[in-house]
K.L.:
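The structure is given below, and queries will be raised subsequently.
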Amino acid sequence: MIVKKRTIPIKILILEALLRRLPKNHAKRPQIMEELSRRWSGYMGEKSLDFYLRNLDEKNYLILHDLNLPDGKYNCQIDTLLLTPKFALIIEVKNMTGKLVFDTDNDQFFQINDGKEIGYTDPIAQAKRHQAYLKKLFPTLPIDYLIVSTNPHSILSFTGGNTKIREKV
C-alpha cells in the first residue's frame, strides 16, 4: 500500500515559476533550464520505478515516496522506502544517460556523457547514510538499500567492492 504518494518536487515547481518570471535573455536562464531538465529527468525516473512497485502485495508492503526526515542539521531524503514486517529497503533511483561510474573505494559517482565528465553526490554513500539514520530509529529492523538505474541508455561501470546496483529489467 502506498502510504506517501510521489508528487512533483517543490524544487521543480519553484524552477518553473522562476523561468516564467525571468526575462528570456537573462544570463542565468540556460543554467536554470538545465537544472529543471535534470530534476524532471530524476522525477520521471522515480515514476518509472513505480510501475514495478505497483505489483507488490498491498497487505505486506508499505511504500513511502520522496521521504524527507530531519537528521540533525541535514535532511534524510529517500526516493522510495519500502517497509515490510521483516525489513526495510531504501531505493535510490538514477535516471541518467551516458556512462555512470560508481567508485565505491573513493565514494565517488560521476557521469560521462558527450565527452563531459560531471561529478554528483555518490548515491551509495548517500544510501548508507540513510541506512544508518533509519537504524537509529528502528534498531531491530533489518535495513538494506538498492541503487536502481531506470534509464535503459545508461552504461554502468563499477570500481571497488559494492555492487548493489541493478539495471531496470
Side-chain angles (χ1 to χ4, degrees), residues 1-54 61-83 88-103 107-134 136-137 143 145-156 165-168:
M1 168 179 24
I2 297 175
V3 177
K4 184 177 184 300
K5 293 183 180 186
R6 189 177 315 282
T7 59
I8 297 173
I10 188 73
K11 289 189 180 185
I12 287 176
L13 300 175
I14 290 169
L15 289 169
E16 286 183 338
L18 178 60
L19 281 174
R20 283 192 302 271
R21 291 162 177 79
L22 204 60
K24 300 267 189 240
N25 61 350
H26 194 280
K28 295 283 185 179
R29 191 174 186 85
Q31 180 182 346
I32 295 167
M33 289 175 65
E34 184 177 320
E35 176 72 11
L36 178 60
S37 175
R38 188 178 64 77
R39 289 189 179 274
W40 266 116
S41 177
Y43 173 67
M44 296 311 290
E46 291 170 12
K47 288 211 38 105
S48 72
L49 176 68
D50 297 348
F51 174 80
Y52 297 96
L53 295 177
R54 70 180 168 77
Y61 297 92
L62 297 177
I63 300 171
L64 296 100
H65 294 299
D66 193 27
L67 191 60
N68 284 290
L69 302 170
D71 181 15
K73 62 181 179 177
Y74 301 105
N75 270 359
C76 177
Q77 189 280 326
I78 298 172
D79 291 341
T80 298
L81 180 64
L82 182 67
L83 291 173
L89 181 65
I90 298 163
I91 304 173
E92 179 65 28
V93 180
K94 293 294 164 203
N95 184 30
M96 304 168 83
T97 59
K99 184 175 184 177
L100 307 180
V101 180
F102 297 84
D103 179 354
D107 292 335
Q108 292 183 332
F109 170 68
F110 55 95
Q111 173 192 36
I112 303 170
N113 198 16
D114 295 330
K116 292 190 327 189
E117 191 172 305
I118 304 169
Y120 295 97
T121 302
D122 178 24
I124 298 170
Q126 178 184 0
K128 286 179 181 179
R129 284 191 306 275
H130 296 161
Q131 180 185 39
Y133 175 72
L134 289 177
K136 289 181 200 172
L137 298 176
I143 300 169
Y145 61 88
L146 286 175
I147 312 303
V148 179
S149 173
T150 58
N151 192 317
H153 303 291
S154 60
I155 299 167
L156 306 180
I165 303 166
R166 301 289 180 254
E167 192 170 354
K168 178 177 135 182

K.L.:
Is a side-chain N or O of S37 found less than 3.5 angstrom from the main chain of E34, in a donor-acceptor match?
P.N.:
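No; zero donor-acceptor contacts below 3.5 Å.
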K.L.:
Does a side chain donor of either S154 or S149 reach within less than 3.5 Å of an acceptor in the other side chain?
P.N.:
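On atom types as modelled, these side chains qualify, holding a pair under 3.5 Å.
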K.L.:
So, T97 versus N113: side-chain donor-acceptor pair below 3.5 Å or not?
P.N.:
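The answer is yes; a qualifying pair exists.
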K.L.:
Do E92 side-chain atoms and V148 backbone N/O form a donor-acceptor pair below 3.5 Å?
P.N.:
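Pair absent, no side-chain N/O of E92 close to backbone of V148.
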K.L.:
When you measure from the side chain of K4 to the backbone of H65, do you find a donor-acceptor pair of N or O atoms at a distance under 3.5 Å?
P.N.:
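Flag set: sc K4 to bb H65 pair under 3.5 Å.
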K.L.:
Does any N or O in the side chain of Y43 come within less than 3.5 Å of the main-chain N or O of I12, such that one atom is a donor and the other an acceptor?
P.N.:
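Flag not set: sc Y43 to bb I12 has no pair under 3.5 Å.
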K.L.:
Hey, could you give me the CD1/CG distance between I124 and D107, rounded to the nearest 0.5 Å?
P.N.:
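Reported to 0.5 Å precision, the distance equals 8.5 Å.
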K.L.:
For the backbone of I143 and the side chain of Q131, can you confirm whether one donor and one acceptor N or O come within less than 3.5 Å of each other?
P.N.:
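Pair found, side chain donor or acceptor close to backbone of I143.
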K.L.:
I'd like to know if the side chain of N75 and the backbone of Q77 have a donor-acceptor N/O pair within less than 3.5 Å.
P.N.:
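A pair under 3.5 Å: no.
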K.L.:
Atom NZ of K47 and atom CG of N95: how far apart are they, to the nearest 0.5 Å?
P.N.:
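The CG atom of N95 is 13.0 Å from NZ of K47, to the nearest 0.5 Å.
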K.L.:
Check whether any side-chain N or O of D79 sits under 3.5 Å from a backbone N or O of V93 as a donor-acceptor pair, and report yes or no.
P.N.:
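Yes, because the side chain of D79 sits within donor-acceptor range (under 3.5 Å) of the backbone of V93.
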K.L.:
For F51, is the NZ or CZ atom of R54 found under 6.0 angstrom from the centre of its six-membered ring and inside 45 degrees of the ring axis?
P.N.:
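The answer is yes, since R54 meets both limits relative to F51.
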K.L.:
What's the shortest heavy-atom distance between F109 and T121, and which atoms?
P.N.:
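Taking every non-hydrogen atom into account, CD2-O, 3.7 Å.
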K.L.:
Where the side chain of D114 meets the backbone of K116, is there a donor-acceptor pair that is under 3.5 Å apart?
P.N.:
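No; zero donor-acceptor contacts below 3.5 Å.
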K.L.:
Determine, stepwise, if the pair E35 / R39 fulfils salt bridge (Lys or Arg N to Asp or Glu O under 4.0 Å).
P.N.:
CA-CA 6 Å; E35 176 72 11; R39 289 189 179 274; 2.6 Å; yes
K.L.:
Applying side chain to side chain contact (heavy atoms under 4.5 Å, CB included) to W40 and I8, what does each step give before you reach the verdict?
P.N.:
CA-CA 9 Å; W40 266 116; I8 297 173; 3.9 Å; yes
